[in-house]
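Below is one structure, written out as structure tokens, with a few remarks after it.
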Amino acid sequence: MPKNIKRSWAEPYKMKMVELLKMTTPAQRKKALKEAGYNTFLLRSEDVYIDLLTDSGTSAMSDRQWAGMMMGDEAYAGSRNYYHLEDVVKKVYGYKYLVPTHQGRGAENIISRILIKKGDIIPGNMYFTTTRLHQELAGGKFEDIIIDEAHDSENLFPFKGNVDLNKLDKLVKKYGAKKIPYVSIATSVNMAGGQPISIQNLKELRAYTKKHGIKIIHDMTRVAENAYFIQEREKGYANKSVKEIVKEICALTDGATMSAKKDALVNIGGFLAVNDWDVFEEARNMVVVYEGLHTYGGLAGRDMEAMAIGITESVDDDHIRARVGQVLYLGEKMMEYGIPIVKPIGGHGIFVDAKKFLPHIPQDDFPAQTLAAEIYLDSGVRTMERGIVSAGRKANGENYYPKLELVRFTVPRRVYTQAHMDVIAESTARVYDRRNKIRGLKMIYEPKYLRFFQAKFEIK
Ligand code: F0G
């Protein structure tokens, strides 16, 4: 027997139920794409074969979570499931106070309104669409303080989610610490390609912010995936469990917003969690206005139960290894075909560099939007633009021109097989083969907020 047989990971679960998919013809996809204005958000999901639009709310729940749904206590106030969720959030993440919300942006709205005053500056490790919008709607201005490496899709630095403390220090010197209520820190930075922040960087940030009386608010949407990368890459963490690392990350921050539709393996739900009683009190008052009573926050009892169980499953080492392992498998396949992707491969999906894939299409003609449309056309695989369309416009109406012009192939958790990953990589390679013939797009409808969701295009 040869000595160097590798040991592959495999999923720590088996299938109990399957969802049948519709297969489409090229002609059907061409028609569907035109009707959707070349925006993959506007496709009907029935017309999609493999759906990599997002990993948000698209996970497969476990039999335990489904069983939990049957245990929903649908009381208006004081549902048993709320107390279960509160208990799990305290135990797994360590935050003291919990306010459930219908999803992540509900929590972003509340914390932004509480902590931000008009004219404040919110530094963060790269923007996220909804997070920045709520900060702006509350009167703040987002300032990117992520390290430069994050803006370079080829740079192999292992913690491209790190904060550049010099950039933060410059802001503090320019505006004064009083104008900076908190630093907005995401784990597994979505817009950078699912790149992690290190514990060491977080510790340095904690020390700096403590000195200046600035809070850290943690977007913990994909914290378990970040913890996995710390276990793999950071010195001194190889023997710690993902669960231990998650708790250590959270302990370095003052509060968190969570879109439980990702890491926490549910189809809907989120929360705000804080350590400061006064902030909690205000959040509890505010949630009644925007979401629902503070013991359900826009969720049914059964949703809270599924979330409580999902959180526990999400920090299991075997689960997260298989989850990130599947993403790595897809990324490595793409690299074998020479497709330009963001490196290192991130936690929740593959990000194809559309500027490198379609160098002949200028950013104003939406290369990433174009590429997402072409991939759908080829195989019915649905991906998402993360470039100039997602970046939107500044307050003065000018377009943001993000350095990264990406197409995101987001992998839902526990949903697709390795064979699906093969089909995705092969389809992308076919589009890559004919890339020189692809033309850009023209925007013909632009909504005011978060335009990427509803904008329409036609071929230029
Ligand atoms: N923060 C991050 C890092 C996110 O990725 C998302 C959602 C949110 C906050 C907002 O949460 O959708 O529950 O209101 N991201 C989804 C995505 C939409 O596809 O990346 P939400």
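One-based numbering, in listed order, for ligands and for the atoms of each.
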Atoms in ligand 1 with a heavy atom of [X] nearer than 4.0 Å:
X: Lys261; answer: 13 (O)
X: Gly104; answer: 11 (O), 13 (O), 14 (O), 21 (P)
X: Thr54; answer: 17 (C), 19 (O)

Assess Arg132 against Tyr400: is NZ or CZ under 6.0 Å from the centre of the six-membered ring, and within 45 degrees of the ring's axis?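 Satisfied, under 6.0 Å and within 45°.
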Is the NZ or CZ atom of Arg222 both under 6.0 Å from the centre of the six-membered ring of Tyr228 and within 45° of that ring's axis?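 The answer is no; the distance or angle limit is not met.
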Out of [options], who gets a non-hydrogen atom closest to [atom]?
atom: atom 2 (C) of ligand 1; options: Asn190, Thr257, Asp219, Thr131; result: Asp219
atom: atom 9 (C) of ligand 1; options: Gln103, Glu108, Arg408; result: Glu108
atom: atom 12 (O) of ligand 1; options: Arg105, His134, Met126; result: Arg105

Please list the nearest protein heavy atom to [atom] with its residue and the distance rounded to 0.1 Å.
atom: atom 8 (C) of ligand 1; result: Phe128 CE2, 3.4 Å
atom: atom 10 (C) of ligand 1; result: Thr130 OG1, 3.4 Å
atom: atom 13 (O) of ligand 1; result: Ser259 OG, 2.6 Å
atom: atom 7 (C) of ligand 1; result: Lys262 NZ, 2.6 Å

salt_bridge(Arg29, Asp47) N-O dist < 4.0 Å: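 Judged by the 4.0 Å cut-off on N to carboxylate O distance, Arg29 and Asp47 do not form a salt bridge.
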Should Glu313 and Arg413 count as an ion pair when the cut-off is N to O under 4.0 Å?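 Answer for the salt bridge query: no.
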Polar proximity ligand 1 side, Ser56 side, N/O cut 3.5 Å exclusive: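 No, since none of the N or O atoms of Ser56 sits under 3.5 Å from an N or O of ligand 1.
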Would Val99 and Val274 count as a side chain to side chain contact (heavy atoms under 4.5 Å, CB included) if you check the C-alpha gap in whole Å, the side-chain angles of each, and the deciding distance to 0.1 Å? CA-CA 9 Å; Val99 177; Val274 294; over 6 Å; no
Can you tell me if Asp152 uses its side chain to pair, donor with acceptor, with the backbone of Glu154 under 3.5 Å?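 Yes; at least one donor-acceptor contact below 3.5 Å.
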Consider ligand 1: state whether an atom of it lies below 4.0 angstrom from any non-hydrogen atom of Arg222.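 For ligand 1, residue contact (heavy atoms, under 4.0 Å) with Arg222 is present.
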Decide if the gap between the ring center of Tyr296 and the ring center of Tyr76 is smaller than 6.0 angstrom.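 So the answer is yes for these two rings.
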According to the interplanar angle, ranging from 0 to 90°, do the rings of Phe280 and Tyr97 count as parallel (below 30°), tilted (30 to 60°) or perpendicular (above 60°)?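 It falls in the parallel class, under 30°.
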